[in-house]
Amino acid sequence: MTTANLILWIRRVRSYMDTHWADAIADQILKLGHKHLVASGITPSGDIHIGNMREVVTADAIYRALKDKNADVKLIYIADTFDPLRKVYPFLPDSYSEHIGKPLFKIPCPCGEHENYAEHFLQPFLQSLGALEINAEILRADEIYNEGKYTQSIINTLEQQHTIAQILEKTSHRKLPDDWSPFNPLCPRCDSITQTRVTGFNSKLQTVDMTCACGYTGTIPVTGGGKLTWRVDWPARWSILGVTVEPFGKDHATSGGSYDTGRKIAKKIYHYTPPHPIVYEWIMLKGKGAMHSSKGLAISISEMLEVLPPEVLRYFIIRSKPEKHIEFDPSTTLLNLIDEYDRMDISSRAYQLSQTKKAWHSNIPFKHIVTAIQVAGDTRALLDILERSGYDTVDTRAVLARAENARKWLDKYAPPYVKFTIQERLPQTTKSFSTKERQALLKLAEQLSEWNTPEEIHNGIYEIAKSITIDPKTLFRAIYVSLLSTTSGPRLGYFLASLDKDFLIQRFDQAAQEQKE
RNA sequence: GGGCUGGUAGCUUAGUCAGGCAGAGCAUCGGACUCUUAAUCCGAGGGUCAAGGGUUCAAAUCCCUUCCAGCCCGCCA
């Protein structure tokens with residue numbers, strides 16, 4: 001084999017072995033160095049939804065992939081608590097208009113139980129991170145600023161603000177106002193960071209002169225006295241924390257966007273090599289477009305964890321390459337997602353990267369549980385059904401946890417076709433039953449009282465079908481129609497055993513009589 | 001207006017970087033399991049790779065044009 005052929009052959013083999021995207025990215029990153037800091041971050045201005053979660057899970061997948069390759073790697077999550085409230089979102093009372101322009105950590109908690117506005121949305125999210133076993137170090141922007149970590153960078157920034165302004169104007173094709181400053185002072189009187197202006201600064205004393213629309217004029221310390229504007233804050237943060245890898249939404253990725261200006265500012269002003277970018281696409285709500293918590297069009301992570309095990313939620317993100325849109329529909333997508341996860345080859349990389357320590361691999365299809373809980377009256381009955389169908393229920397708590405997921409899902413998101421209800425009255429469609437079907441149903445009504453176990457019922461139905469020479473299929477359908485008004489349903493033996501016998505006898509009797517009309 | 005990303009079977013998608021017989025899973029249909037349809041196993045059908053053009057012995061893959069979806073160029077992943 002010639003060398004050229006060999007190379008071709010290797011390429012082909014490599015393309016056949018499907019490398020998971022997280023490993024491919026990790027390989028690229030490792031070419032840049034062995035030690036890495038993977039950063040992620042979100043502004044907690046509203047419910048943190050599963051769209052936001054893509055950032056953190058993507059970061060975590062890369063973090064885990066790097067770790068598996070023995071890299072020296074750390075994962076951080078930064079909450080942008082210093083960002084201002086931009087408007088009164090629909091979920092806020094009108095009274096919050098007075099807080100517009102204040103940083104989130106300075107605004108009171110909407111429910112009154114958290115330290116501030118930012119924490120109100122951050123706390124449930126951090127709990128979800130725990131459930132997803134994303135062990136990121138949590139940082140809050142207001143703390144980083146107040147601790148003085150930004151101070152020297154802010155001074156550098158102010159000193160070189162003309163250069164920065166040039167980069168911004170040239171790269172993002174926009175004109176900055178004459179009084180533009182990269183620093184947004186926090187007004188000591190009214191807490192606004194959007195109505196303030198920098199009028200001067202002193203590098204030695206590390207102070208800034210400012211005025212505010214509220215009338216305040218004065219000199220404040222740089223440390224804790226305000227924040228850098230986003231497009232400057234981001235590259236400053238990279239250099240301060242030493243970020244080498246960062247996923248971000250496609251909104252930042254465009255040329256002239258904030259990564260584009262950020263990388264130039266990082267190099268020129270902070271002499272820092274910008275982090276390796278990982279651009280990810282958005283999660284769309286099927287038929288409704290992108291998620292926005294501000295528009296009430298979002299599903300929060302905690303809501304999702306009510307109906308999905310954490311490892312499946314991880315898998316939901318990890319199975320798709322970051323640059324792909326994810327169409328999401330909490331009804332059908334979810335139903336198939338769980339089963340897909342359970343069916344996965346456990347040696348596949350997507351599966352491994354989705355794992356949590358508490359994860360439980362089930363051989364019980366979610367669809368089956370969904371059926372079972374609709375039949376079962378209580379927990380014991382549910383476990384019986386599952387055991388009878390030949391499933392392993394030894395890990396009772398895990399089974400019940402999933403049953404609880406299924407119950408909530410049925411309640412909130414399930415499409416009608418997976419739900420069934422025992423019809424209170426005999427369905428009209430029973431009128432079209434044939435004579436044989438009626439005979440069979442009548443016989444069933446007569447014999448039902450003698451049968452006690454699902455097996456007996458099951459076998460009994462076959463016996464009846466045989467004795468009347470009717471196709472079992474037809475009889476099954478007649479029974480389902482009589483009870484549910486649908487042509488199929490849960491496994492009959494157990495299903496009938498779990499229902500009230502007198503009711504069944506009466507119903508089948510009635511269905512058999514109906515022909516008279 | 002300028003730019004970024006995606007468009008592959010009914011659905012979710014792999015393969016696009018680096019051209020070499022379009023591959024899965026779900027769903028559907030058929031069969032088997034002489035106790036089952038929403039349990040299990042086996043099998044089948046299903047594709048103008050968004051459209052058109054170009055380069056090439058060879059294009060889903062590279063180049064150009066167009067269409068569709070979403071996004072950025074004002075701090076909403």
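Fair warning: this is a prediction, and the values are worked out from it, not measured in the lab. Sequence lines set the chain letters: A, B, ... in the order given, protein chains first and strands last, and positions in each chain run from 1.
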A.B. asks: Separation of A/R319 atom CZ from B/C11 atom C1', in whole Å?
C.D. replies: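 These atoms are roughly 11 Å apart.
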
A.B. asks: Considering only atom P, compute the distance from B/G6 to B/G10 and round it to an integer number of Å.
C.D. replies: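 It works out to 23 Å between them.
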
A.B. asks: Tell me, which stems hold RNA chain B, with a stem being 3 or more Watson-Crick or G-U pairs in a row and both distances under 3.5 Å?
C.D. replies: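 Output for stems: B:1-7 with B:67-73, B:10-13 with B:23-26, B:28-32 with B:40-44, B:50-54 with B:62-66.
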
A.B. asks: Is A/K321 touching bases, backbone alone, or none of the nucleic acid, heavy atoms closer than 4.0 Å?
C.D. replies: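 Result for A/K321 = sugar-phosphate.
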
A.B. asks: Verify the contact: side-chain N or O of A/R54 to OP1 or OP2 of B/A77, cut-off strictly under 4.0 Å; return yes or no.
C.D. replies: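 False: A/R54 side-chain N/O out of range (4.0 Å or more) of B/A77 OP1/OP2.
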
A.B. asks: Check salt bridge (charged side-chain N to carboxylate O under 4.0 Å, His left out) between A/D27 and all other residues, then give those that pass, not counting sequence neighbours.
C.D. replies: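 A/K69.
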
A.B. asks: Could you tell me which residues satisfy ring pair (Phe, Tyr, Trp, His ring centres under 6.0 Å) with A/F183, sequence neighbours excluded, listed by chain and number?
C.D. replies: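 Not a single residue meets the ring pair (Phe, Tyr, Trp, His ring centres under 6.0 Å) criterion with A/F183.
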
A.B. asks: For the P atoms, the ones on B/A58 and on B/G19, what distance do you get once it is rounded to whole angstrom?
C.D. replies: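 Per the computed distance, 15 Å lies between those P atoms.
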
A.B. asks: Hey, which sits more toward the 5' end of RNA chain B by its nearest nucleotide, A/T229 or A/Q28?
C.D. replies: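 With A/Q28 and A/T229 compared, the 5'-side residue is A/Q28.
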
A.B. asks: Roughly how many Å apart are B/U16 and B/A60, using the C1' atom of each and rounding to a whole number?
C.D. replies: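 Going atom to atom, C1' in each nucleotide, I get 7 Å.
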
A.B. asks: What is the distance, rounded to the nearest whole Å, between atom NE2 of A/H252 and atom P of B/C71?
C.D. replies: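 Rounded to whole Å, this separation is 14 Å.
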
A.B. asks: Given atom CD of A/E340 and atom P of B/A24, what is their separation to the nearest angstrom?
C.D. replies: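 So the CD-P distance, A/E340 to B/A24, works out to 16 Å.
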
A.B. asks: Which is true for A/L337 with a 4.0 Å heavy-atom rule: it touches a base, it touches only sugar-phosphate, or it touches nothing?
C.D. replies: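 No contact.
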
A.B. asks: What is the distance from CZ of A/F248 to P of B/C71, rounded to the nearest Å?
C.D. replies: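 One finds 18 Å between P of B/C71 and CZ of A/F248, rounded.
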
A.B. asks: Please give the distance between the P atoms of B/G20 and B/C62 as a whole number of Å.
C.D. replies: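 The answer is 10 Å between these two P atoms.
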
A.B. asks: Residues two or more places apart in sequence or in another chain: which of them pass ring pair (Phe, Tyr, Trp, His ring centres under 6.0 Å) with A/F82?
C.D. replies: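 Only A/F105, A/Y145 meet the ring pair (Phe, Tyr, Trp, His ring centres under 6.0 Å) criterion with A/F82.
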
A.B. asks: When you get a sec, tell me which of B/C75, B/A77, B/U13 is the closest nucleotide to the side chain of A/S320?
C.D. replies: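 The nucleotide sitting nearest to the side chain is B/U13.
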
A.B. asks: Restricting to nitrogen or oxygen on both sides, can you table the protein-nucleotides 2-4 of chain B pairs closer than 3.5 Å?
C.D. replies:
residue, atom, partner, partner atom, Å
B/G3, O2', A/S255, OG, 2.8
B/G3, N2, A/T254, OG1, 3.3
B/G3, N3, A/T254, OG1, 3.4

A.B. asks: Nearest whole Å is fine: how far is B/C73 P from A/L168 CG?
C.D. replies: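 About 12 Å, once rounded to whole Å.
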
A.B. asks: Would you please name every residue forming a ring pair (Phe, Tyr, Trp, His ring centres under 6.0 Å) with A/Y117, sequence neighbours left out?
C.D. replies: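 If we apply the ring pair (Phe, Tyr, Trp, His ring centres under 6.0 Å) test to A/Y117, skipping adjacent residues, the hits are A/F121.
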
A.B. asks: What is the separation between atom OH on A/Y280 and atom C1' on B/C71, rounded to the nearest whole Å?
C.D. replies: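 Distance, rounded to whole Å: 13 Å.
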
A.B. asks: Separation of A/I42 atom CD1 from B/A77 atom C1', in whole Å?
C.D. replies: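 From A/I42 CD1 to B/A77 C1': 7 Å.
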
A.B. asks: Would you please classify the geometry between the A/Y259 ring and the A/W234 ring as parallel, tilted or perpendicular, with 30° and 60° separating the classes?
C.D. replies: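 Ring orientation of A/W234 relative to A/Y259: perpendicular.
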
A.B. asks: In whole angstroms, how far is the P atom of B/U12 from the NE2 atom of A/H325?
C.D. replies: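 Distance, rounded to whole Å: 12 Å.
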
A.B. asks: So does A/G257 get a backbone contact from the side chain of A/T254, meaning a donor-acceptor N/O pair under 3.5 Å?
C.D. replies: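 Not confirmed, A/T254 side chain does not pair with A/G257 backbone.
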
A.B. asks: So do the side chains of A/P103 and A/P84 get within less than 4.5 Å of each other, counting heavy atoms only?
C.D. replies: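 No; the side chains remain at least 4.5 Å from each other.
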
A.B. asks: With salt bridge (Lys or Arg N to Asp or Glu O under 4.0 Å) as the test, pick out the partner of A/E281 among A/K250, A/K324, A/K321.
C.D. replies: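 So the option named by the test is A/K250.
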
A.B. asks: Looking at A/R197, I'd like to know if its CZ atom is crowded, meaning that more than 12 non-hydrogen atoms belonging to other residues, nucleotides or ligands lie closer than 6.0 Å.
C.D. replies: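 No, not enclosed.
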
A.B. asks: Given the C1' atoms of B/A24 and B/C67, what is the spacing between them in whole Å?
C.D. replies: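 Straight-line distance between the two C1' atoms is 29 Å.
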
A.B. asks: Any side-chain N or O of A/R174 under 4.0 Å from OP1/OP2 of B/C72?
C.D. replies: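 No, outside the criterion.
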
A.B. asks: Using the P atom on both, measure B/A9 against B/G52 and round to a whole Å.
C.D. replies: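 The same atom, P, in both gives a distance of 15 Å.
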
A.B. asks: Taking the C1' atom in each of B/G46 and B/A51, what is the distance between them to the nearest angstrom?
C.D. replies: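 So the two C1' atoms sit 22 Å from each other.
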
A.B. asks: Reckon A/K324 has a side-chain N or O less than 4.0 Å from the OP1 or OP2 of B/A14?
C.D. replies: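 So the side-chain polar atoms of A/K324 do come within 4.0 Å of the phosphate oxygens OP1 or OP2 of B/A14, strictly under.
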
A.B. asks: Ignoring hydrogens and geometry beyond distance, is the side chain of A/N184 in donor-acceptor contact with the base of B/C75 at under 3.5 Å?
C.D. replies: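 When only heavy-atom distances are counted, A/N184 does reach the base of B/C75 through a donor-acceptor pair under 3.5 Å.
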
A.B. asks: Are A/W282 and the base of B/G70 stacked, counting only ring centres nearer than 5.5 Å and planes tilted under 30°?
C.D. replies: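 Not stacked by the 5.5 Å and 30° rule.
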
A.B. asks: Salt-bridged, A/K227 to A/D83, with N to O below 4.0 Å?
C.D. replies: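 Here A/K227 pairs with A/D83 in a salt bridge, since their nearest N and O are under 4.0 Å apart.
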
A.B. asks: With a 4.0 Å cut-off on heavy atoms, is A/E323 in touch with a base, just the backbone sugar-phosphate, or nothing at all?
C.D. replies: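 Answer is sugar-phosphate: A/E323 comes under 4.0 Å of backbone atoms only.
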
A.B. asks: Work out how far the P atom of B/A50 is from that of B/U61, and round it to whole angstrom.
C.D. replies: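 Nearest-Å result for B/A50 against B/U61 at atom P: 8 Å.
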
A.B. asks: Using a 4.0 Å heavy-atom cut-off, does A/S258 contact any base of the nucleic acid, only the sugar-phosphate backbone, or nothing at all?
C.D. replies: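 Nothing: the residue A/S258, judged by heavy atoms under 4.0 Å, touches no strand.
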
A.B. asks: Inspect the contact between A/R402 and A/D395 and indicate whether a charged nitrogen and a carboxylate oxygen are less than 4.0 angstrom apart.
C.D. replies: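 Between A/R402 and A/D395 there is no salt bridge, as every charged N stays at least 4.0 Å from the carboxylate O atoms.
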
